[in-house]
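To start, the structure itself, in structure tokens.
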Amino acid sequence: MKLTLKIWRQQNTKDKGKFESYQVSDVSKDMSFLELFDVLNERLINEGKDPVAFDHDCREGICGACSMYINGRAHGPWDETTTCQLHMRAYNDGDTIVVEPWRAKAFPVIKDLTVDRSAFDRIIQAGGYISVNTGNAVDANAIPIDKFDADNAFAAAACIGCGACVAACKNSSAMLFTSAKVSQLALLPQGHPERKQRAMDMVAQMDKEGFGSCTNTGACEAECPKGISLTNIARLNREFIGAGLTSEG
Amino acid sequence: MLNAKIPAGPMEAKWADYKSHVKLVNPANKRKLEVIIVGTGLAGASAAAALAELGYKVKAFCFQDSARRAHSIAAQGGINAAKNYQNDGDSVFRLFYDTVKGGDYRAREGNVYRLAEVSASIIDQCVAQGVPFAREYGGLLSNRSFGGTQVQRTFYAAGQTGQQLLLGAYSALQRQVALGNVKLYSRHEMLDVVTVDGKARGIIARDLISGKLERHFGHAVLLCTGGYGNVFYLSTNAMGSNVTAAWKAHKRGAYFGNPCFTQIHPTCIPVSGDHQSKLTLMSESLRNDGRIWVPKKKDDNRKAVDIPEEERDYYLERRYPAFGNLVPRDVASRAAKERCDAGYGVGTSKMAVYLDYAEAIVRYGQIEASKKGLDHASEEEIIKWGKAVVAEKYGNLFDMYAKITGENPYEMPMRIYPAVHYTMGGLWVDYELMTTVPGLYALGEANFSDHGANRLGASALMQGLADGYFVIPYTVGNYLADEIHTKPIPLDHPAFVETEKAVQAQLDTLMNIKGEHSVDHFHKALGKIMWDKCGMARNEAGLKEAIVEIQALKAEFWKNVRIPGSQDEFNPELEKAGRVADFIELGELMCMDALQRRESCGGHFREESQEDGGEALRDDANFQFVAAWEYKGPSSFELHKEHLDFEIVKPTQRNYK
């Protein structure tokens, strides 16, 4: 296959950035989307040009590093698929593919397609944990947990922190990400003692980082590579409102 | 003489006794002691959290953009623990025994026993953190079985156990960051260890965004930097997984243990072309129901479904009637290679074998028919029901296969081939996880200690968390108790200045080569040498050739590598170049280690050492030792031996026929 790539090039955070076009020939249908970039970069290096910077690591859809906005969709055209798992058989000879970084105020561009997602870490620091020190835990089977709750907690915990939800959202909201962690811990009895403070603090941090508000459009759920459900946002809203109404001070 | 410092006394009392007598550091002093932790996978994140909880001042480093992305995240299957929740006779002793035997008697008994002892506490800790393990309808934890054991002791969270455990440790770590006990440096890469008077006192790290070198002091340094499978270029490791931290430590005096011990996993999706950048594992559990075969005829180009039953060679069932498709990883991998090398491979590359579910689908379909009480169900119905059962058990794996290959594994057999997955070798450490450099520790896959020559499934997660949560909090205190009078060493100390200068010099050299070939070009060349000559089967002539070829490749790399851009910016090619330079040196040592070990054991198969039927043959009389290599200069390494004593588990030859 022969393809045209229009890729966002931006030297660093301060640079204005622009699209550049590249023709790539001999694209195999068996390649992954990132392997297409490997091929392009190898060529750019041989031509003495600057290769395209992009985040990637595990290349099996679980680390959450890859983050390309492809033809207007976070992680490209396949549902519940990260960029690294997208394969070139999704495209046809002669196609033009536009590739951009995640775009959000809270995710500044570092270079080309690489963005800074450390805001997510700070949201977790605000309360995305259970305060238990190592070494004093009771027996793991001491507290039976309803399988339904455990399964829902797992479904929320499957979030890979890639940021596709933010990129897909017209408001650049981080509600799906934040709600997934709040839900996981609210569904489990271990998370109950801190649930009010957690919901308030994590939402406050989310706002502080500059993410937008949620208008329940659902683009986040539609583009999430792990199928994290919008139900989590409903849970977060319930946790947050409940905390506000019942907390002292 | 290498001293592993195994405590005296009976096996089951060693760790308890050690903990009772180990030196302690009082809380006021802990606040003054700084610990550097490199890597934030299971071992690093758990160690950072646990030490910060104790009150130490911790600095944690990772090259990824977030600590949550370390490659532990990709582990699928599960984590072993001797909980005996199933009442099936499991115990600390059995987990210990299975691990020593699974490692083909090349692991240290004392360490493995401790690993088995703390395994149960890991599960308790993770559940307390909110790790959502799979549960039964009664609300209690679920277990499954894994290779190499006869009990059900594996805890799991769907096919994402590593992700859930890492996120648990990551949360604990982030809590300590919020409390101000840990300072986290993401997108930072450690490029050297700083030693003062023979002790590890800090690191030189590069800020990967600005390109600036930084000096960091620590009273102790912990390397939790994972394995080195990417020396083969293609592996199931993440693209960024590398040996640089461990290798730099090695060059500063830390011995490297059993570098040639690598695990090749039998069920991975095969290479599809020259563009291939990594390989994807298909969980070992697929061998429970799938049958592995190749055509009986060489270069048979018919479609799998067109090859009649009598023209198929179910070679594992043929060679190992007792264990069949469930032989251990090393045996299954070698058998696949043997068939493909002999010309019976399938697919366009001819380097693959079939993993066939057709029979399992029919078998499950018939069970469903019987459950429904239908004696005369049509073949179509049976296949439909069978597919539904298979989808329930293995659906996520089948979907992943379909996404990557574009083929429907419910309709045609999957193509699989072995791939590099894990490295049992690593920095040599004693019982306290300290390397041969005082104050420098290695945890998790980065050390060599617990898996011998072959790791059992679901044991890597166990070891990473054991080291970080339950071992290092005790053992590092034993060292730091004597360091309470050591004031932080100023960063303008000559040792910091000199080490940074050396790091800077290497970066300058790399940038100034301005050669003709990309870093990947050299990495692929190295991978080919390693895979062909130091891969699943090794022999003397091949290894000697490989050493010569690697030395030539090294010379060529330092003459002809091309790195675009500059060093004072975000430059992934420069990062890769440093890592590949270290892989090249490591590759040479791996070949030397494989050459000296003239026996076959676990994942290490020397063609000269096999039984008449082609099975691996261990040589306990001559090789019952850990090979610990000391760096003596370029291409020069000295072998030290740590003899392995087996007080409890008596070595025997493994037999799967």
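Quick note on labels: first sequence line is chain A, next is B, and so on, each numbered from 1. All values below come from the heavy atoms of this structure, side chains included, with hydrogens, waters and symmetry mates left out.
- Annotation for B:Arg175 and A:Val132: closest pair NH1-O, 3.5 Å, computed over non-hydrogen atoms.
- Among the candidates B:Pro473, B:Ala81, B:Gly565, B:Gly406, the residue making the largest number of heavy-atom pairs closer than 4.5 Å to chain A is B:Gly406.
- Applying the 6.0 Å contact sphere to CG of A:Asp26 captures no more than 12 heavy atoms from other residues, nucleotides or ligands.
- Proximity to chain A is absent for every atom of B:Glu407, based on heavy atoms less than 4.5 angstrom apart.
- Proximity to chain B (any heavy atom under 4.5 Å) is restricted, for A:Glu47, to the backbone atoms N, CA, C and O.
- With chain B as the partner, the residue from A:Ala156, A:Cys159, A:Gly48 showing the most heavy-atom pairs under 4.5 Å is A:Cys159.
- Chain B forms more heavy-atom pairs under 4.5 Å with one residue of A:Ala65, A:Ala153, A:Gly191, A:Ser32 than with any other, namely A:Ala65.
- For A:Ile160, the parts lying near chain B are the backbone and the side chain together; criterion is any non-hydrogen pair under 4.5 Å.
- When the candidates A:Gly161, A:Ala140, A:Ala142, A:Pro144 are compared by the number of heavy-atom contacts under 4.5 Å with chain B, A:Ala140 comes out ahead.
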Task: Trace of the side chain to side chain contact (heavy atoms under 4.5 Å, CB included) decision for A:Phe154 with B:Gln160 - done: CA-CA 10 Å; A:Phe154 170 75; B:Gln160 291 149 256; 3.5 Å; yes
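- The shortest non-hydrogen separation linking B:Pro132 to A:Ala150 is CB-O, 4.2 Å.
- Looking at A:Ser28, the atoms closer than 4.5 Å to chain B (heavy atoms on both sides) all sit in the side chain, from C-beta outward.
- Between A:Asp121 and B:Ser66 the shortest heavy-atom distance is OD1-OG, 2.9 Å.
- Heavy-atom distances place the side chain of A:Asp38, and not its backbone, under 4.5 Å from chain B.
- Using modelled atom types, one side-chain atom of B:Gln164 and one backbone atom of A:Ala157 make a donor-acceptor pair closer than 3.5 Å.
- Interface remark: B:Ile209 contributes side-chain atoms only to the contact with chain A (heavy atom separation under 4.5 Å).
- The shortest non-hydrogen separation linking B:Ala178 to A:Tyr129 is CB-OH, 4.4 Å.
- More than 12 non-hydrogen atoms from other residues, nucleotides or ligands lie less than 6.0 angstrom from OH of A:Tyr22.
- Within the model, atoms CG of B:Leu179 and OG of A:Ser131 stand 7.5 Å from one another, a figure rounded to the nearest 0.5 Å.
- Under the 4.5 Å side-chain criterion, counting only non-hydrogen atoms from C-beta, B:His71 is in contact with A:Cys58.
- No part of A:Val52 comes within reach of chain B, as not one of its non-hydrogen atoms sits under 4.5 angstrom from that chain.
- Atom OG1 of B:Thr405 is separated from atom NE2 of A:His87 by 8.5 Å, given to the nearest 0.5 angstrom.
- Side-chain contact, A:Thr134 with B:Glu53: a donor N or O sits under 3.5 Å from an acceptor N or O.
- Within a 6.0 Å sphere centred on NZ of B:Lys19, other residues, nucleotides and ligands contribute more than 12 heavy atoms.
- Of all non-hydrogen atoms in A:Glu42 and B:Ser518, the two that sit nearest each other are OE1-OG, 2.8 Å.
- Looking only at distances, a side-chain donor or acceptor of A:Asn141 sits under 3.5 Å from a matching main-chain atom of B:Leu141.
- If you check the side chains of B:Tyr137 and A:Asp146, you find no donor sitting under 3.5 Å from an acceptor.
- Only the backbone of A:Lys49 comes within contact range of chain B, with at least one heavy atom under 4.5 Å from a heavy atom of that chain.
- Distance check, rounded to the nearest 0.5 Å: CD of A:Gln125 to CG of B:Leu184 gives 7.0 Å.
- In this structure, CG on B:Asp399 lies 9.5 Å from OG1 on A:Thr81, to the nearest 0.5 angstrom.
- Residues A:Thr114 and B:Phe570 have side chains in contact (heavy-atom distance under 4.5 Å, counting atoms from C-beta outward).
- B:Gln163 places none of its side-chain heavy atoms less than 4.5 Å from the side chain of A:Lys226.
- The CG atom of A:Asn46 lies 9.5 Å from the CD atom of B:Glu516; values are rounded to the nearest 0.5 Å.
- When the candidates B:Gln129, B:Arg135, B:His517 are compared by the number of heavy-atom contacts under 4.5 Å with chain A, B:Arg135 comes out ahead.
- The side-chain heavy atoms of A:Ile45 and B:Glu573, taken from C-beta on, include a pair separated by under 4.5 Å.
- Looking at A:Arg89, its side chain does come within 3.5 Å of a backbone N or O of B:Ile404 through a donor-acceptor pair.
- Residue contact with chain B, scored on non-hydrogen atoms closer than 4.5 Å, involves the backbone and the side chain of A:Ala158 alike.
- A donor-acceptor pair is defined here as one N or O able to donate and one able to accept, closer than 3.5 Å; no such pair exists between the side chain of B:Arg69 and the backbone of A:Asp57.
- In this structure the side chain of A:Asn12 never reaches within 4.5 angstrom of the side chain of B:Glu569, judged on heavy atoms.
- Judged purely by distance below 3.5 Å, without hydrogens or angles, the side chains of A:Arg59 and B:Ser277 pair a donor atom with an acceptor atom.
- Atom CG of A:Leu36 and atom NE2 of B:His275 lie 10.5 Å apart (nearest 0.5 Å).
- Electrostatic pairing of A:Asp55 and B:Arg187 counts as a salt bridge here, judged by a charged N lying under 4.0 Å from a carboxylate O.
- Using a 4.0 Å cut-off between charged side-chain N and carboxylate O, B:Lys83 and A:Asp139 make a salt bridge.
- Residue A:Gln190 touches chain B through its side chain alone, counting heavy-atom pairs closer than 4.5 Å.
- A heavy-atom distance below 4.5 Å is not found between the side chains of B:Gln276 and A:Met31.
- Looking only at heavy-atom pairs under 4.5 Å with chain A, the residue among B:Phe470, B:Tyr170, B:Tyr469 that has the most is B:Tyr170.
- For B:Asp568, the CG atom sits in a packed shell: over 12 heavy atoms of surrounding residues, nucleotides or ligands are nearer than 6.0 Å.
- Counting heavy-atom pairs closer than 4.5 Å to chain B, the top residue among A:Leu44, A:Leu188, A:Asp151, A:Ile110 is A:Ile110.
- With a 4.5 angstrom heavy-atom cutoff, B:Tyr85 touches chain A only via side-chain atoms.
- Contacts with chain A were tallied for B:Ser171, B:Ala50, B:Ala52; B:Ser171 has the most, counting heavy-atom pairs under 4.5 Å.
- Contacts with chain A were tallied for B:Lys514, B:Gln64, B:Arg68, B:Glu136; B:Arg68 has the most, counting heavy-atom pairs under 4.5 Å.
- Taking every heavy atom of both residues into account, A:Asn133 and B:Gln176 meet most closely at OD1-NE2, 4.5 Å.
- For the pair B:Asp124/A:Val138, no side-chain contact is recorded, criterion being any heavy-atom separation below 4.5 Å from C-beta on.
- The closest side-chain heavy-atom distance from B:Ser186 to A:Ser118 is not below 4.5 Å.
- For a residue to count as touching a neighbouring chain, one of its non-hydrogen atoms must lie under 4.5 Å from one of that chain's; by this rule A:Ile145 touches chain B with backbone and side chain alike.
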